[in-house]
Amino acid sequence: MNNQRGFVLIEFVIALPLIIMLLYGLVQTTMTVFSTAKSQAADYVLEVEAQDVLTRITNEARTAFYVKREITYSGQEIDTLVIKYHSIKDENSSDVVDIAERRVYKVSKSHKLNAKRTNDSSFLNPITGGNFFGDTIITFLKYKKLDERVLHIELEMESLATNKRIRLSTAVFMPACEEMEGF
Amino acid sequence: MNQRGFMLLSTVFLTLILSFTAIMALQAMTRVQNGDQSLKLHAINLANEQLAMVESLAAQNNLSAVKNFNGDNADLKSYGLYNVNADKTPVEFQVTTHIDAVTENLREVEVTVTWNDAEIKFKKLVRIADGE
């Protein structure tokens, strides 16, 4: 006797809407999961890049004998910083290097921060932006003199992936600094 | 025999639902645990700001001018990571500075930054110009 049965119509009628609702829920959940993961990665990139910019600037300003603040573009809340410092003497080599290096931290029109080693017109060594997990831009970068040989840096960056912003401030003491210009 | 177990489809759906729930819970947990990170970053930079000021005052032989916080008072507030279009509430930071003598010319500076229920401490040796 053949006792095998398939679904009856009424079972399909009840099961189909339930399956559709379940699949809809799963799709929504999947989208939320991916969106949250993307947002978390972008937040992380924003924090890391903001701290990296501050660290790069403070590390080089620390050894400066001259710093100068310039207005980058009129009306923008972004300054340019020129740092001059002596490179380290290599006493063990016959090629003793004792020249003044020059670093210019300038934000290009695409709001990526560049650190030009020399004063030519091209942008070199970009240190922000272009991260696949969440591109960032600099929206605010100001320098001021806080005290004798103390440079205050205020930075704000925005993630293009999430429109979130972070604002960090710090200061660096420059023991060898002889001149602070433009403050 | 009329014994039946779960259908394969039921097991697949159940596994899917449970795994998605687990992923969401893990993500939420990461977010909660790491939510304070931007404020911690702010606190670290705030401590460095005060240490820079103390170094400068030490180089000027003027450590008596050291206060709890000698930096820019506007930096004592932070919004952490905030959305451009959302309302934001600032978090207040408190900074305290303590100086101990190590030798005639060396001082140990301890900077403590507190906010909400969190706290970080930084210690650094600074050299004063010619003794104070």
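Protein chains get the first letters and strands the later ones, always in sequence-line order, with residue 1 at the start of each.
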Q. Would R62(A) and E55(B) pass as an ion pair if we require N to O under 4.0 Å?
A. yes

(Q) Check for me, please, whether L106(B) and V111(B) land in the same ILVMFWY cluster - side-chain distances under 4.5 Å, paths through other members count. (A) no

Q.
Working to the nearest 0.5 angstrom, can you tell me the gap between S78(B) OG and L168(A) CG?
A. 7.0 Å

Q. Checking heavy atoms, do the side chain of A37(A), its backbone, both or neither come under 4.5 Å from chain B?
A. both

Q) Using non-hydrogen atoms only, which part of L54(A) is less than 4.5 Å away from chain B: side chain, backbone, both, or neither? A) side chain

Q. So what's closer than 4.5 Å to chain B heavy atoms on V172(A): side chain, backbone, both or neither?
A. backbone

**Q.** Interchain contact, T30(A) with chain B, by part (heavy-atom threshold 4.5 Å)
**A.** both

**Q.** Path from F140(A) to L81(A) over hydrophobic side-chain contacts below 4.5 Å
**A.** no

Q | Residue L46(B) versus chain A: region with a heavy atom under 4.5 Å | A | backbone

**Q.** Top contributor to chain B interface from T32(A), T58(A), V150(A), L23(A) [non-hydrogen pairs under 4.5 Å]
**A.** V150(A)

Q | Structural part of E148(A) lying under 4.5 Å from a heavy atom of chain B | A | both

Q.
Among L81(B), I17(B), N83(B), L51(B), which residue has the highest count of heavy-atom pairs closer than 4.5 Å to chain A?
A. L81(B)

Q: Against chain A, work out which of N70(B), I44(B), N48(B), L41(B) has the most heavy-atom pairs shorter than 4.5 Å and name it.
A: L41(B)

Q | Approximate separation, where rounding is to 0.5 Å, of Y82(B) OH and E158(A) CD | A | 8.5 Å

Q. Among K164(A), R167(A), R165(A), who wins on heavy-atom pairs under 4.5 Å with chain B?
A. R165(A)

Q: Treat each ILVMFWY residue as a node, draw an edge where side-chain heavy atoms are under 4.5 Å apart, and state whether M180(A) and M53(B) are in one component.
A: no

(Q) Measuring only between side-chain heavy atoms, which start at C-beta, is D72(B) closer than 4.5 Å to K144(A)? (A) yes

Q: Compare every heavy atom of A171(A) with every heavy atom of A52(B), then report the nearest pair and how far apart it is.
A: CB-O, 3.7 Å

(Q) Is it the case that over 12 heavy atoms from other parts of the model lie below 6.0 angstrom from the CZ atom of F34(A)? (A) no

Q | Contact winner vs chain B - L151(A), T36(A), L46(A), heavy-atom pairs under 4.5 Å | A | T36(A)

Q: Check whether I153(A) gets within reach of chain B through its side chain, its backbone, both or neither, counting any heavy atom under 4.5 Å.
A: neither

Q: Decide if atom NZ of K40(B) counts as having more than 12 heavy atoms of other residues, nucleotides or ligands within a radius under 6.0 Å.
A: no

Q: Determine, stepwise, if the pair D43(A) / Q37(B) fulfils side chain to side chain contact (heavy atoms under 4.5 Å, CB included).
A: CA-CA 10 Å; D43(A) 288 352; Q37(B) 191 57 32; over 6 Å; no

**Q.** Heavy-atom pair count under 4.5 Å with chain B, highest-scoring of D147(A), T162(A), T29(A)
**A.** D147(A)

Q | Enclosure of F133(A) CZ (heavy-atom neighbours >12, cutoff 6.0 Å) | A | no

Q) Are any of the side-chain heavy atoms of I166(A) and H42(B) separated by less than 4.5 Å? A) no

Q: Verify the cluster assignment for L26(A) and I19(A): are they in a single hydrophobic cluster under the rule of side-chain heavy atoms below 4.5 Å apart?
A: yes

Q. V66(B), F173(A): one ILVMFWY side-chain cluster at the under-4.5 Å cut-off?
A. no

Q. Looking at CD of Q51(A) and CG of N45(B), how far apart are the two atoms once the value is rounded to the nearest 0.5 Å?
A. 4.5 Å

**Q.** Polar side-chain atom of S56(B) near backbone of R149(A) as donor-acceptor pair, under 3.5 Å
**A.** no

Q: Go through the atoms of Y79(B) and report whether side chain, backbone, both or neither lie under 4.5 Å from a heavy atom of chain A.
A: neither

